[in-house]
Enquirer: 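My questions all concern the structure below.
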Amino acid sequence: MSAAREGLVAAPRLPGRAAAMLRGALPWLLLLGLALALPFTRNDYWAVIASRAAIYWVLVAGLNLVVGFGGQLAIGYVALLTLGAYTASVLVARTGLHPFLAFAAAGGVGAIAGVIVGLPALRLRTFYFAMTTLGFATIVTQVALAWQSVTGGGIGVAGPVMPAPFDTPWGFYLFCLFCAVASTWMTANVARSRFGRALIAIRDAEVAAEATGISKPVLLLSVFLLSGASAAVAGGLFATLQSYITPDAFTFDLSVLFFIAILIGGRGSILGPLLGTILLTVLPEFAAPLVAWSTFLYATLLLVIVLAMPGGIADLLDFRNRKPLDGDRAIVPRPALLVGMLDHVAARDRIALQGVVLSFGGVRAIDGLDLEIRPGQVHGLIGPNGSGKTTTLNVISGFNAAEAGAVTLGQSPLRSGAPQTRAHHGIARTFQTPRSIGEASVLQNVMIGGTITGRGSLLESLFCLPRHRADERRLTAQAMHALRIVGLESLAGVRADRLQHSELRFMEIARALMLHPAFLLLDEPAAGLSAEEISRLGELIVQISRCGTGVLLVEHHADLIFDICDHVTVLNLGKQLAAGTPAEIRAHEEVVSAYLGG
Ligand code: ADP
Ligand code: MG
C-alpha cells in the first residue's frame, strides 16, 4: 500500500520537472524570438536602438557577476567601456587591424584593467570601493582627452568599420545580438557553477564563505577580469555603433544606467538585469520629450524600486517562492545515511590547543586553555555566557589569532588568521547565529559547503565543459544527500530566508557535511530547538562521530552534553574550571555549584 502510494507520488515528478525546465526557459525563448523578429520591422532606427541594448547588455552581463552576484559596488564601469572603445578604434584607425582582432585586443586590455579596478575591492568595502571605481573612470576620460596624438583628444577618432555582411544596421545588430547571447550563456554558466555560488556566499555570508575554504581574492579578481573583458568588448562595439567617438560620449549617466539596470533587475539574477537593461535603453526612446529628464527619471525609478520592490524584477517573477510552506514541519534527520557521506573519513590526527591565550582589549576571553579534539569522539565545551566558548571555536577555525600558546593538527601548527585554510584540513564548522544566504535556495546554500571539492576551473564553467557539468551533478547529488541526512530534503528548492531558525541550524550542519569533515565544530547547535529536535540532533552528532569525525560541541544544554560527549571541558572566564568524562564533571563540586546549579 505504501509503496503504491509512493509510486503515485513519484509518478508526476518527471513531467513536473520537464514543465519546470520549460517554465524556466520560456522567458529566454520569448526574448530570443523577439530579438530575432526585430529585423523584420525593417526600421533602421530600431536597429540602432536594439544594437545599443545588446551592446549595453554585453557590459552589464559581466558587471552583473561583480555587482549582482559578488555584491561589489563597482559604479564606474563606463571606464572600461571607454577603454575598450578607444583601444579598438585606435587599433583599427592607426594600424589597420581587422575589427574582430581589435575587439579581441580590447577584451585583453579590458581584462587587465578589470583586475586593476578590482584590486581595491580586496581591501576596501562598499562606498570606499565605489569611489575608487569612479576615480578610475575620471582618469580614463582625462587620459583620452589629453593623449591627443593617439586618441585625437577632444576631436576624437573614428570607430571601427565592420566588414560585410555586418556593415548594415541590421547586419551589425545581428552581430551584437550574437555577442549578447554569448555573454548571457557564459555568465549564466558561471552563475550556476560553484563559482557563482561562492560569489553570493562572499556577498551575503562572508564568514561562512571563508569557513568553507572559499578564497575571496582569487575569485573576485577572476570575476573582475571577466567583466573587464566583456565591458571592453562592449566598448569596441559601442565605438562601431557611434562610428565616431570623443570623450564626451562616455558620460557618468551611462555608468549609472549600467548599475541601475542591475539593481532594478534584482541581484543574483540574470534575466532581471537583462530586462532592466532593455527597459533603460528603450524607455527614453518612447519618452523622447523626456530625454532632458532622463537622469531624474533614473533616480526616481531607482528610489521607487528600492523602496517598493527591493528584490527587483527577478523577485516579481519568482512565483515559486510565493507558495506557502507547510506550517508544522518536523525535522527528522536520518543518521543512518551518514555512511554514504562520511564513510571514508579516516581517523587521523588530533586537534590540540596548548596554553592558548587571547584578549580583546582588557578582557581575557581565553586564558591559558588546553583542549584536545580526538577523531571519532565528541568533545563538549560548556560554560556560562561570555566564558570564551565561541572564541575558542574561532581560534581553532582561524578567525581569531591566539596571543600565546599553540593550535596544532597532529604535528603541524594551524595558521592563525587564515580561516579559509581550515576547510582544506577537513575542519568544518557551524555558527552560533546561523550564516546563510537568504536569497539562495536551501540546496544552493548546502552546495556552497562543497565549493572546494570541485575540480573544474572557472574557464571550464564559463564554457560549460564536461568537468563543470560533472562537478554540478556531483555537488547537487551530495547536497541532496546531506539534506536527507539532516531531514530537510523537502525544502531543497525553498529560499533559505523562509526557513525557521531550527531549520537553518540543520542546514548549516548539512553544509558542513559537504566537506566530508574530519573535524566538525558546532557552536550551540541546539539553541532554539524543541526537546524532541534536540534529542534527534544528539543522535545525529553521535553518528557523525562514529564515522570517525572529531566533534567539538559548544552547548548550553547540559543534558545533551552529558548524554553524548566522550569528554567535557568546562570554561569559566576563559579558564578551564574542570575537564573529564561526563560522570566526572557531574560530580565536580565547583562545576555543580557554579554552573549546574545543583
Ligand atoms: P561564549 O561563547 O562563551 O558566550 P565568547 O567567546 O563569545 O563567549 O566571548 C568571551 C568574551 O570575549 C566575552 O567577554 C566577550 O564579550 C568577549 N568578546 C568576544 N568576541 C569579542 C570581540 N570580537 N571583541 C571584543 N570582545 C569580544
Ligand atoms: Mg558563544
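Atoms within each ligand, like the ligands themselves, are counted from 1 in listed order.
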Enquirer: One thing to verify: whether Arg505 and Glu533 come together as a salt bridge, which I'm taking to mean a side-chain N less than 4.0 angstrom from a carboxylate O.
Expert: no
Enquirer: Just going by heavy-atom distances, which of Leu358, Thr391, Leu381 is nearest to atom 9 (O) of ligand 1?
Expert: Thr391
Enquirer: Only one of Pro419, Ser215, Ser397 clears side-chain contact (heavy atoms from CB on, under 4.5 Å) with Glu210; which?
Expert: Pro419
Enquirer: Would atom 25 (C) of ligand 1 count as contacted, meaning some protein heavy atom under 4.0 Å?
Expert: yes
Enquirer: Answer yes or no: does atom NZ of Lys575 have more than 12 heavy-atom neighbours from other residues, nucleotides or ligands under 6.0 Å?
Expert: no
Enquirer: Check each heavy atom of Thr390 against ligand 1 and say whether those closer than 4.0 Å belong to the side chain, the backbone, both or neither.
Expert: both
Enquirer: Does atom 1 (P) of ligand 1 have any protein heavy atom closer than 4.0 Å?
Expert: yes
Enquirer: With nothing but distance in play, are any N or O atoms of Gly388 less than 3.5 Å from an N or O of ligand 1?
Expert: yes
Enquirer: Examine ligand 1 and decide if any of its atoms is less than 4.0 Å from a heavy atom belonging to Ser387.
Expert: yes
Enquirer: Backbone N or O of Gly456 within a donor-acceptor pair of the Arg194 side chain at under 3.5 Å?
Expert: yes
Enquirer: Before accepting this row, confirm whether a basic side-chain N of the pair Arg192/Glu472 lies closer than 4.0 Å to the acidic partner's carboxylate O.
Expert: no
Enquirer: Tell me the angle that OE1 of Gln432 and OG1 of Thr390 form around the Mg ion (ligand 2), rounded to 10°.
Expert: 80°
Enquirer: Distance only, no hydrogens: is a donor on one side chain within 3.5 Å (strictly under) of an acceptor on the other, for Asn445 and Ser436?
Expert: no
Enquirer: Any idea which protein heavy atom is nearest atom 23 (N) of ligand 1, and the distance to it?
Expert: Phe360 CE2, 3.7 Å
Enquirer: Provide the number and element of each atom of ligand 1 under 4.0 Å from a heavy atom of Val363.
Expert: 14 (O)
Enquirer: If we check salt bridge (charged side-chain N to carboxylate O under 4.0 Å, His left out) with Glu489, which of these qualifies: Arg329, Arg484, Arg334?
Expert: Arg334
Enquirer: Quick test: of every protein heavy atom, which one is nearest to atom 12 (O) of ligand 1, and how far off is it to 0.1 Å?
Expert: Ala365 CB, 3.4 Å
Enquirer: Count the heavy atoms belonging to other residues, nucleotides or ligands that lie under 6.0 Å from CE of Met480, then report whether that count exceeds 12.
Expert: yes
Enquirer: I want to know if ligand 1 touches Gly386 in the polar sense, i.e. an N/O pair below 3.5 angstrom.
Expert: yes
